[in-house]
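By convention in this document, chain letters (A, B, ...) are assigned in the order of the sequence lines, proteins followed by strands, and residues within each chain are numbered from 1. A quick note: this is a predicted structure, and the numbers were derived from the prediction, not measured.
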Number of protein chains: 2
Amino acid sequence: MSYSIGDVVKKTGLSAYTLRYYEKEGLLPFVKKNASGVRAYSDEDLRWLTMIECLKDSGLQIKEIRQYIEWFNEGDSTLPQRLSLFENRRKILEKEMARLTVVMNKILYKELLYREAVRVGNLDVATNERRFMHLKKKLFESPDDFDK
Amino acid sequence: MSYSIGDVVKKTGLSAYTLRYYEKEGLLPFVKKNASGVRAYSDEDLRWLTMIECLKDSGLQIKEIRQYIEWFNEGDSTLPQRLSLFENRRKILEKEMARLTVVMNKILYKELLYREAVRVGNLDVATNERRFMHLKKKLFESPDDFDK
DNA sequence: TCAACACCTAGAGTAAACTCTAGGTGTTAT
DNA sequence: ATAACACCTAGAGTTTACTCTAGGTGTTGA
């Protein structure tokens with residue numbers, strides 16, 4: 001099967017601008033064009049777009065994705081580079097998830113605090129109420145840096 | 001206590017450029033300057049920088065952080081807006097963590113696959129080996145979109 | 001035939017968050 | 001007193017990932 005750019009827009013949710021941009025950046029090196037330059041995407045191209053989405057979601061920049069695609073097209077000699085890319089990504093994602101967990105705690109604390117503040121009409125709970133001070137101490141290294 | 005911009009650079013790891021930029025963007029509305037324009041940061045300013053870091057880490061844009069700071073300085077009448085900001089952030093962080101978990105599975109699958117591919121010298125494991133096909137099916141809706 | 005439509009290219013524009021440059025001021029150590 | 005140093009402002013430049021514009025081509029239904 002082959003698809004026009006309009007079909008691919010509908011399938012992927014990407015804009016036609018973005019699809020052409022990706023191509024210009026080397027992310028879709030095998031998209032075919034007819035005599036008058038009109039693109040015809042293959043199922044293979046669509047699979048690449050799925051993979052590109054995944055790599056983007058994992059935080060890779062476009063030039064890193066291009067590098068991966070180049071490695072892929074070079075064949076088995078680049079298997080170690082590709083492994084190493086995924087290892088690094090996994091480590092970065094682990095850090096990112098840990099980071100988000102920390103941030104989530106802080107935001108949850110703030111949400112709780114403000115829920116109570118809205119109930120009573122002021123923010124004094126932050127510095128007066130034992131339960132909030134306790135929570136703050138449990139969650140943060142320098143609790144007083146967190147009353148803003 | 002009061003701190004020069006150089007002191008604050010050392011304490012926060014932010015560049016002097018960035019500190020001046022934040023101020024220009026309204027994130028530090030109360031930094032004092034002496035007669036010749038030299039900044040003197042207070043402990044209060046440092047606490048704001050800690051809070052700004054947290055809000056940035058949670059994904060807020062600079063203009064949203066400025067909005068929060070303006071609300072804070074307007075006093076108790078803006079408690080509901082601030083609560084709502086933290087609720088929204090919490091929801092966004094929840095989605096983000098869920099998203100990262102999904103991405104992590106995909107990257108982990110790739111890492112595993114490439115570890116084996118490097119061991120045997122080719123990528124055929126992806127389409128031939130039962131255990132990888134099984135894993136793929138478990139992890140993804142459209143498993144065949146994921147062989148790139 | 002002619003208008004609508006989907007598509008094309010090259011290149012300009014945008015947004016966010018910095019980052020740097022040029023040219024200048026004030027303080028301090030030798 | 002003079003050089004080094006830390007600081008200042010205004011404004012220009014950078015990076016990333018789009019997003020859009022202008023002007024043009026090819027196909028198709030009335």
J.: Taking side-chain contact (heavy atoms from CB on, under 4.5 Å) as the test, write out the residues that go with Glu96(A), two or more places apart.
T.: Arg99(A), Leu100(A), Leu100(B)
J.: If the condition is side-chain hydrogen bond (donor to acceptor under 3.5 Å, both in side chains), which residues does Asn34(B) pass it with, not counting sequence neighbours?
T.: Ser36(B)
J.: Compare all side-chain heavy atoms of Leu19(B) with those of Leu49(B) and state whether any distance is below 4.5 angstrom.
T.: yes
J.: I'd like to check the salt bridge (charged side-chain N to carboxylate O under 4.0 Å, His left out) partners of Glu44(B); sequence neighbours left out, ordered by chain and number.
T.: Lys148(A), Arg47(B)
J.: Who pairs with Ala16(B) by side-chain contact (heavy atoms from CB on, under 4.5 Å), at least two apart in sequence or on another chain?
T.: Ile5(B), Val9(B), Arg20(B)
J.: Each nucleotide in nucleotides 10-18 of chain C should get exactly one letter: B, S or -. Can you fill that in based on protein heavy atoms under 4.0 Å?
T.: ------SBB
J.: Please identify each residue that fulfils side-chain hydrogen bond (donor to acceptor under 3.5 Å, both in side chains) with Gln67(B), with sequence neighbours left out.
T.: Trp71(B)
J.: Taking ring-ring contact (aromatic ring centres under 6.0 Å, His included) as the cut-off, I'd like each qualifying pair that reaches into residues 19-50 of chain A, sequence neighbours left out, listed once.
T.: Trp48(A)-Phe72(A)
J.: Test of understanding: with side-chain hydrogen bond (donor to acceptor under 3.5 Å, both in side chains), list the residues that count as partners of Asp57(A), not counting sequence neighbours.
T.: none
J.: Which residue pairs pass the ring-ring contact (aromatic ring centres under 6.0 Å, His included) test with at least one member in residues 86-105 of chain A, sequence neighbours excluded?
T.: Tyr68(A)-Phe86(A), Phe86(A)-Tyr114(B)
J.: Could you check how far CG of Leu27(A) sits from C1' of dC18(D), rounded to whole Å?
T.: 12 Å
J.: By side-chain hydrogen bond (donor to acceptor under 3.5 Å, both in side chains), which residues pair with Arg130(A), not counting sequence neighbours?
T.: none
J.: Using the C1' atoms of the five pairs at each end, what is the angle between the end axes of the helix from dT1(C)-dA30(D) to dT30(C)-dA1(D), to 10°?
T.: 20°
J.: Identify the pairs formed between an N or O of the protein and an N or O of nucleotides 1-9 of chain D at a distance under 3.5 Å, and give each distance.
T.:
{"from": "dC7(D)", "atom 1": "OP1", "to": "Ser4(B)", "atom 2": "OG", "distance (Å)": "3.0"}
{"from": "dC7(D)", "atom 1": "OP1", "to": "Gly6(B)", "atom 2": "N", "distance (Å)": "2.9"}
{"from": "dC8(D)", "atom 1": "OP1", "to": "Arg39(B)", "atom 2": "N", "distance (Å)": "2.9"}
{"from": "dC8(D)", "atom 1": "OP1", "to": "Arg39(B)", "atom 2": "NH1", "distance (Å)": "2.8"}
{"from": "dC8(D)", "atom 1": "OP2", "to": "Arg20(B)", "atom 2": "NE", "distance (Å)": "3.0"}
{"from": "dC8(D)", "atom 1": "OP2", "to": "Arg20(B)", "atom 2": "NH2", "distance (Å)": "3.0"}
{"from": "dC8(D)", "atom 1": "O5'", "to": "Arg39(B)", "atom 2": "NH1", "distance (Å)": "3.4"}
{"from": "dT9(D)", "atom 1": "OP1", "to": "Lys33(B)", "atom 2": "NZ", "distance (Å)": "2.7"}
{"from": "dT9(D)", "atom 1": "OP2", "to": "Arg39(B)", "atom 2": "NH1", "distance (Å)": "3.1"}
{"from": "dT9(D)", "atom 1": "OP2", "to": "Arg39(B)", "atom 2": "NH2", "distance (Å)": "2.9"}

